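All remarks here apply to the structure that follows.
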Protein chains: 2
Amino acid sequence: MKRSSRLSIALHALVHLHAQPGKQLSSAALATCLMTNPVVVRRILGELREAGIVDSSKGPNGGWTLSRAATEITLRDVYSALGERMLVRTESDPGDVTCAIVRSVDRVMHDFLDDAEALLAARLQRVRLSDLATDALHAGFPRLD
Amino acid sequence: MKRSSRLSIALHALVHLHAQPGKQLSSAALATCLMTNPVVVRRILGELREAGIVDSSKGPNGGWTLSRAATEITLRDVYSALGERMLVRTESDPGDVTCAIVRSVDRVMHDFLDDAEALLAARLQRVRLSDLATDALHAGFPRLD
DNA sequence: GTTTCATGTAACTTTTATTGTTACACATAA
DNA sequence: TTATGTGTAACAATAAAAGTTACATGAAAC
């Protein structure tokens, strides 16, 4: 696994949950599908649970399920739930910020990134989990535009 | 220094070059300003040189200068020259791509990111190096919208 | 109730990307 | 020809992300 692949993992897991509606899938079972570790699955899905996207239950036959229909879950929901920034923040050295130029560069970049982030979020909102699932299960291709 | 700060470093260096027009600034001098290493400066400015944004000359009194006016250099030029992707790519495990769901997630994400990247580039194109410099040297604030 | 199976989490290790550093070849002006 | 700069390779240090182990806790089934 390379770097920040949490969003990919989350989406993959969600498609699996959607593909077996009503069924409780355990972290271990999902981890096998996602080729990762059960703890990683719990960490990621735990964040989605707090955002009300999935539910979890303990004990025998416990596991994870979708909280609502896949048509009602957008990629933005998932992205926001993970609290990730897709844009790499270009932070400067703390010792650097006494320089007016650095502060200026930082400020401009910060403003730009905030703005761009909002743009991306709006774009992600237009793709639903069900679009992804449709693409994965059939030959169809979700339109992004 | 935290992570991918190459764009910040590049911009900081360019503002310094702009602030002292005609003067050749050495990697060592810039490194002091940027609180980093001369080799790091050369690596980054070297890429900008290939893109025709700066020039370098060797020997005594050698160093770096802007190839053209700061009004003719956009943040997109710099960004493209660095060959960086501001968006974190969410790569999957090579062993994973046999799974139809993973391929689908990858494809949708890939399309989305390509598209978003173009959006960001268009946005960066609207900010010029001179805007940054103006902001850094005076109290003015470059508009992003 | 107790056994079993699952999540919840903390602590630690491994891996990978990025940056920083050292060293030295090569070019150029004085 | 010497001083001063870039160009670049090789390596070390650092930081972020993911993987792993271990164990506490909760809930169903018997």
Side-chain angles (χ1 to χ4, degrees), chain A residues 1-10 12-13 17 23-50 53-65 67 82-96, chain B residues 1-10 12-13 17 23-50 53-65 67 82-96:
Chain A
M1 194 78 43
K2 301 287 171 183
R3 35 189 239 171
S4 189
S5 49
R6 289 167 17 108
L7 182 54
S8 285
I9 292 179
H12 189 178
L17 291 180
K23 195 170 177 183
Q24 306 257 12
L25 294 182
S26 72
S27 303
L30 284 169
T32 303
C33 297
L34 313 194
M35 299 190 72
T36 183
N37 193 285
V39 175
V40 174
V41 173
R42 278 179 222 146
R43 278 207 282 246
I44 294 175
L45 290 190
E47 297 183 56
L48 300 190
R49 177 171 36 73
E50 286 174 26
I53 296 173
V54 297
D55 293 306
S56 65
S57 60
K58 297 182 171 180
N61 298 319
W64 303 87
T65 50
S67 300
L82 294 179
E84 279 193 339
R85 299 283 79 108
M86 213 168 346
L87 294 163
V88 302
R89 296 276 154 176
T90 62
E91 296 174 21
S92 298
D93 229 290
D96 249 5
Chain B
M1 195 78 41
K2 300 288 170 181
R3 34 189 238 172
S4 189
S5 48
R6 288 165 20 105
L7 182 55
S8 285
I9 291 179
H12 188 177
L17 291 180
K23 193 169 178 184
Q24 305 256 14
L25 294 182
S26 71
S27 303
L30 284 170
T32 304
C33 297
L34 314 195
M35 300 189 73
T36 183
N37 193 284
V39 176
V40 173
V41 173
R42 279 179 221 144
R43 279 206 282 246
I44 294 175
L45 291 190
E47 296 182 58
L48 300 189
R49 176 170 38 71
E50 287 174 25
I53 296 173
V54 297
D55 292 306
S56 65
S57 60
K58 297 181 173 182
N61 298 321
W64 304 87
T65 51
S67 301
L82 294 179
E84 279 194 338
R85 298 284 79 107
M86 215 169 342
L87 295 164
V88 302
R89 296 277 155 177
T90 63
E91 296 174 20
S92 297
D93 228 289
D96 247 7

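All chains are named by letter (A, B, ...) in the order of the sequence lines, taking the proteins before the strands, and each is independently numbered beginning at 1. Keep in mind the model is a prediction, meaning the values are calculated, not measured.
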Find the distance [X]:[atom1] to [N]:[atom2] and express it as a whole number of Å.
X	N	atom1	atom2	result
A:Q24	C:dA6	CD	P	11 Å
A:D55	C:dT7	CG	P	13 Å
B:L45	D:dT6	CG	C1'	11 Å
A:R6	D:dA18	CZ	P	7 Å

Quiz item: Does C:dA6 have OP1 or OP2 sitting under 4.0 Å from an N or O in the side chain of A:S26?
Solution: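 No, outside the criterion.
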Self-check item: side-chain N/O B:S57 vs D:dT6 OP1/OP2, d < 4.0 Å
Solution: no
Quiz item: Would B:T36 and B:L30 count as a side-chain contact (heavy atoms from CB on, under 4.5 Å) if you check the C-alpha gap in whole Å, the side-chain angles of each, and the deciding distance to 0.1 Å?
Solution: CA-CA 8 Å; B:T36 183; B:L30 284 170; over 6 Å; no
Quiz item: Considering residues at least two apart in sequence or located in another chain, which fulfil the side-chain contact (heavy atoms from CB on, under 4.5 Å) criterion with A:T65?
Solution: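 A:T65: side-chain contact (heavy atoms from CB on, under 4.5 Å) contacts with A:Q24, A:D55.
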Quiz item: For A:R43, what residues pass the side-chain hydrogen bond (donor to acceptor under 3.5 Å, both in side chains) criterion, not counting sequence neighbours?
Solution: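 With sequence neighbours excluded, A:R43 shows a side-chain hydrogen bond (donor to acceptor under 3.5 Å, both in side chains) to no residue whatsoever.
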Quiz item: Do side-chain atoms of B:R49 reach the backbone of B:S56 as a donor and acceptor pair under 3.5 angstrom?
Solution: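 Not a single qualifying donor-acceptor pair exists.
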Self-check item: Shortest non-hydrogen separation from B:W64 to B:L17 and the atoms involved
Solution: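 Heavy-atom minimum between the residues: O-CD2, 3.3 Å.
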Quiz item: Do B:I9 and B:H12 pass the side-chain contact (heavy atoms from CB on, under 4.5 Å) test, and can you show the C-alpha distance, the side-chain angles, and the key distance before you say yes or no?
Solution: CA-CA 5 Å; B:I9 291 179; B:H12 188 177; 5.6 Å; no
Practice problem: Summarise how protein sits on nucleotides 21-30 of chain C as a single string, 5' to 3': B when a protein heavy atom is under 4.0 Å from the base, S for sugar-phosphate-only contact, - for no contact. | Solution: BBB---SBB-
